[in-house]
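So the structure is just underneath, and the comments pick up after that.
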Amino acid sequence: MKRKTSITLSEDLVRTVDRLATKGESRSEAIERLLREGLELRNRRAADERDRILLNRHAQALNSEIADVLDYQDDV
């Protein structure tokens, strides 16, 4: 469902939106697409950061397990 809203943008931002709009895409469609893309990127970066923190927290144990596997493979 779409909901109508009104926003005020600076001229340079409007020009940028117009420039980034694809052929046949209205300004509203372009703003919605660009906003969605920006939010998806932000969510992806946040998830990557959470993963990085988790991996760093367990890096020593993970590296130890990897070393054990590689030692085992050398013995086989």
Side-chain angles (χ1 to χ4, degrees):
M1 174 172 85
K2 299 269 183 171
R3 189 167 184 184
K4 190 170 187 140
T5 187
S6 176
I7 60 171
T8 303
L9 302 173
S10 60
E11 283 292 325
D12 64 316
L13 191 53
V14 171
R15 283 192 301 272
T16 301
V17 168
D18 289 343
R19 184 174 45 80
L20 295 174
T22 59
K23 187 174 182 167
E25 186 177 49
S26 70
R27 185 177 286 157
S28 290
E29 291 168 333
I31 290 170
E32 182 175 0
R33 177 180 54 79
L34 293 166
L35 182 59
R36 283 185 192 280
E37 289 172 359
L39 292 172
E40 287 171 7
L41 179 60
R42 183 180 177 144
N43 288 338
R44 204 171 321 121
R45 285 180 178 164
D48 289 347
E49 179 63 12
R50 287 190 302 272
D51 290 346
R52 186 190 64 76
I53 290 169
L54 184 62
L55 286 170
N56 285 339
R57 185 179 307 144
H58 300 286
Q60 189 172 0
L62 292 169
N63 287 336
S64 178
E65 286 181 34
I66 290 169
D68 287 344
V69 168
L70 292 174
D71 285 343
Y72 175 79
Q73 288 178 346
D74 282 344
D75 293 339
V76 175

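All values below were derived from every heavy atom in this structure, side-chain atoms included, with hydrogens, water molecules and symmetry-related copies excluded.
Every residue two or more places apart in sequence or in another chain that forms a side chain to side chain donor-acceptor pair (under 3.5 Å) with S10 is listed here: D12. For E11, there are no side chain to side chain donor-acceptor pair (under 3.5 Å) partners two or more places apart in sequence or in a different chain.
Applying the salt bridge (Lys or Arg N to Asp or Glu O under 4.0 Å) test to pairs two or more places apart or on separate chains, those with a residue in residues 50-63 are E49-R52.
Between atom CG of residue D48 and atom CG of residue L41 there is a gap of 9.5 Å, rounded to the nearest 0.5 Å. With rounding to the nearest 0.5 Å, the separation of CZ in R45 from CG in N43 is 11.5 Å.
Residue I66 is found in a hydrophobic cluster whose other members, listed by chain and number, are L70; membership requires side-chain heavy atoms under 4.5 Å apart, directly or through intermediates. Taking a 4.5 Å side-chain heavy-atom cut-off between Ile, Leu, Val, Met, Phe, Trp and Tyr, the cluster of L62 extends to L55.
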Less than 3.5 Å apart, which donor and acceptor atoms pair up between the side chains of residues 27-37 and the rest of the protein, not counting sequence neighbours?
{"unit_1": "R27", "atom_1": "NE", "unit_2": "D18", "atom_2": "OD1", "d": "2.8"}
{"unit_1": "R27", "atom_1": "NH2", "unit_2": "D18", "atom_2": "OD1", "d": "3.2"}
{"unit_1": "R27", "atom_1": "NH2", "unit_2": "D18", "atom_2": "OD2", "d": "2.7"}
{"unit_1": "E29", "atom_1": "OE1", "unit_2": "S26", "atom_2": "N", "d": "2.8"}
{"unit_1": "E29", "atom_1": "OE1", "unit_2": "S26", "atom_2": "OG", "d": "3.3"}
{"unit_1": "E32", "atom_1": "OE1", "unit_2": "K2", "atom_2": "NZ", "d": "2.5"}
{"unit_1": "E32", "atom_1": "OE2", "unit_2": "K2", "atom_2": "NZ", "d": "3.3"}
{"unit_1": "E32", "atom_1": "OE2", "unit_2": "R36", "atom_2": "NE", "d": "3.4"}
{"unit_1": "E32", "atom_1": "OE2", "unit_2": "R36", "atom_2": "NH2", "d": "2.9"}
{"unit_1": "R33", "atom_1": "NE", "unit_2": "E25", "atom_2": "OE1", "d": "3.4"}
{"unit_1": "R33", "atom_1": "NE", "unit_2": "E25", "atom_2": "OE2", "d": "2.9"}
{"unit_1": "R33", "atom_1": "NH1", "unit_2": "E37", "atom_2": "OE2", "d": "3.2"}
{"unit_1": "R33", "atom_1": "NH2", "unit_2": "L20", "atom_2": "O", "d": "2.8"}
{"unit_1": "R33", "atom_1": "NH2", "unit_2": "E25", "atom_2": "OE1", "d": "3.0"}

